[in-house]
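Comments concern the structure below.
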Amino acid sequence: MKKSKGKANTAAEKEFVFEFRAGKHNCVLKVPLQFPVQVDISDLHGRLMLLHKIPCYIESELKTLLSDFIEKETTLDYDREAELALQRLTTGDVIVNQLTSAWARSYVETTLEHTLPEEPSRDEDFADVYHELIHSPASDTLLNLEHNYFVSISELISERDMEIKKLQERQATEMDKVMHELGNTLSDQDVNAVASQHFDAQQVLENKWTSEQQQVTEIQKQEYQEWVIKLHQDLQKSNNSSIINEEIKVQPSQLTEAADSGTRMFEEQPQLEESFTIHLGAQLKTMHNLRLVRADVLDFCKHRRHGSSGAKLRRLQTALSLYSSSLCGLVLLVDNRVNSYSGIKRDFATVAKECTDFHFSCLEEQLEEVQQVVLLARTQRSSKQKDQPEIRKNGVDDKSKTVERNPSNILPGNITARDPAIMGLRNILKVCCTHDITTVTVPLLLVHDMSEEMTIPWCLKRAELVFKCVKGFMMEMASWDGGISRTVQFLVPKSISEEMFYQLSNMLPQIFRVSSTLTLTSKH
């Protein structure tokens, strides 16, 4: 037994004596026990019965006497230690003030009624206030103010694009003149110098506008949060909702500019959507909603300058569930580099900067946090691999398997149910269960854009695989979250044909055994 600091007799051996009669014989059982007893009494009793072959008719008597003996001796040890502690206190071996201070501190730290309440942060206050206002008649006012801020950012971006375009046109004219004089009065070094000057000028201009936009968004976020909190306070004081009608309203010109510009709004572009209801589960079935939607993935992220009733309803639905246990998620397919902007990740970053985020950190800060988590996970994974011995099987070690599972080694083409992309989709659905995401949008073909090699048979085969895998994962959800109703949207690229869309819509109910079809809409 290991001795603990500050205790006089931390371990002592005492003998348990039990007398019983077996037939004509008087038997005595003597067992040395180490106090304090660290084993379970029921386990100790069972071992004594088995090792000493004690008759079963005295089993209950042995257990009772053993329990009483251990309890009695343990109490005596505690009393003995208490007496020794009191003696040290009276003899002056212990400083009373230090002892009382330690007791008081331990009592306050471990007793809930004495703990100080945590002061809510500004973000927590804003979240509570916003959630209350968005579920009140002030919701329309909040959306109008957000839209006005968005219009201001849009105008700033338009000015930036116009100034950058003018600079590029002026630089193109200058470069044409330089190239015309190349070989006559100018050399290659002169051309490179002009090109370098043009590049530096573009960088300076872009940095200037980036800094200005960042400053404007920070001011907007601070003003918006202060305005929301003030509105909540005014409503509580006045207890009259008529003040809302006098607040921010959207300018009519901001909503009707599209009619004169000749541009087509998102709601006017062809969009196909079909919805189904399914019931999944072995014994207790859970109802889920499935949707097949043809649209561009970034259209779910954009805040439209030229608003309409449909766009405003979608914004309101998102705002209502923003600080709730019914969140929405979107799966965006990007490369495996967290800290770089390329492809659709760059387009998503552009969309994110078009509107001030009043609730969360900017995209760069969020990606930086993700990168730190990824580095930590990679370090922990590497340490586990070093601790575990390498097991070879069929001449292939674990290192080669790790390389094969690396996402950067995924080759394009048809995939299997055990592919890392499919397993990643399973992990995404599991995260949805643990973080209250009840609506998730998934790219059905695991691509955002169509190419020439994506033929109809290829699309059908890929869709069938994803449908079947998602169905299996959704059946697992019952063990993950207890069976909560969810909505899964399968998104197909906007460039896919209507014929292909309806073939996929016919495949979905066959795989999921759909209970009923909710809606079939074609928006033009």
Side-chain angles (χ1 to χ4, degrees), residues 1-115 282-284 380-381 383-393 398 434 476 478-483:
M1 302 292 293
K2 293 183 179 180
K3 294 185 178 181
S4 303
K5 295 182 179 180
K7 291 187 178 181
N9 297 321
T10 57
E13 187 177 286
K14 299 179 182 180
E15 189 176 57
F16 169 68
V17 180
F18 176 65
E19 298 180 359
F20 62 95
R21 186 176 181 84
K24 298 180 180 180
H25 303 282
N26 293 324
C27 303
V28 179
L29 173 65
K30 295 183 179 181
V31 181
L33 297 178
Q34 200 79 9
F35 280 81
V37 179
Q38 303 293 338
V39 297
D40 185 74
I41 297 178
S42 298
D43 295 341
L44 178 61
H45 169 258
R47 286 158 53 189
L48 294 178
M49 292 289 297
L50 181 63
L51 292 176
H52 299 280
K53 298 180 180 180
I54 299 177
C56 61
Y57 56 84
I58 59 173
E59 178 179 358
S60 58
E61 182 183 0
L62 173 62
K63 187 172 185 179
T64 301
L65 293 177
L66 179 63
S67 300
D68 294 342
F69 175 78
I70 293 176
E71 182 179 0
K72 177 182 176 182
E73 295 298 329
T74 301
T75 303
L76 291 176
D77 287 344
Y78 286 151
D79 292 341
R80 191 177 301 109
E81 290 183 4
E83 290 292 339
L84 292 175
L86 290 175
Q87 290 180 6
R88 291 195 299 270
L89 189 62
T90 55
T91 56
D93 296 339
V94 179
I95 301 177
V96 179
N97 293 334
Q98 294 181 354
L99 183 62
T100 54
S101 299
W103 282 354
R105 183 172 60 256
S106 299
Y107 180 77
V108 170
E109 292 177 353
T110 57
T111 307
L112 182 62
E113 60 181 303
H114 293 285
T115 57
Q283 297 179 352
L284 182 61
Q380 294 177 347
R381 191 181 301 113
S383 62
K384 289 182 180 179
Q385 291 177 354
K386 292 180 180 179
D387 296 337
Q388 296 177 355
E390 294 184 3
I391 302 175
R392 294 180 175 271
K393 183 177 180 181
D398 290 340
T434 56
E476 287 186 78
S479 61
W480 296 341
D481 57 15

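The first residue in the sequence is number 1, and the count goes up from there. Just so you know, these numbers come straight off a predicted model, no measurement behind them. Atoms considered below: every heavy atom in the structure, side chains included; atoms not considered: hydrogens, waters and symmetry mates.
In this structure, the separation between CZ on Arg80 and CD on Glu73 is 8.0 Å, given to the nearest 0.5 Å. Note: Lys72 NZ to Thr75 OG1 = 10.0 Å, rounded to the nearest 0.5 Å. Note that CZ of Phe20 and NE2 of His52 are 9.5 Å apart. Values are rounded to the nearest 0.5 Å. Separation of atoms CZ (Arg47) and CG (Asp40) is listed at 10.5 Å; rounding is to 0.5 Å.
Residues Leu48 and Leu66 have side chains in contact (heavy-atom distance under 4.5 Å, counting atoms from C-beta outward). Residues Asp77 and Lys14 have side chains in contact (heavy-atom distance under 4.5 Å, counting atoms from C-beta outward).
Shortest non-hydrogen contact noted between Met49 and Cys56 is CE-CA, 4.2 Å. Ser42 and Lys63 make their closest contact through OG-NZ, 3.5 Å (heavy atoms, listed as atom of the first residue, atom of the second, distance).
Under the 3.5 Å distance criterion, the side-chain polar atoms of Thr74 are left unmatched by any main-chain donor or acceptor of Glu71. Within the 3.5 Å criterion, the main-chain N or O of Thr64 finds no donor-acceptor partner in the side chain of His45.
Residue pairs meeting the side chain to side chain donor-acceptor pair (under 3.5 Å) criterion with at least one partner in residues 21-32, sequence neighbours excluded, are Arg21-Asn26.
In this structure, Phe69 and Phe16 have tilted ring planes: the angle between them lies in the 30° to 60° band.
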**Message:** One pair to check against side chain to side chain contact (heavy atoms under 4.5 Å, CB included): Leu44 and Leu33. What are the steps and the verdict?
**Reply:** CA-CA 10 Å; Leu44 178 61; Leu33 297 178; 3.8 Å; yes
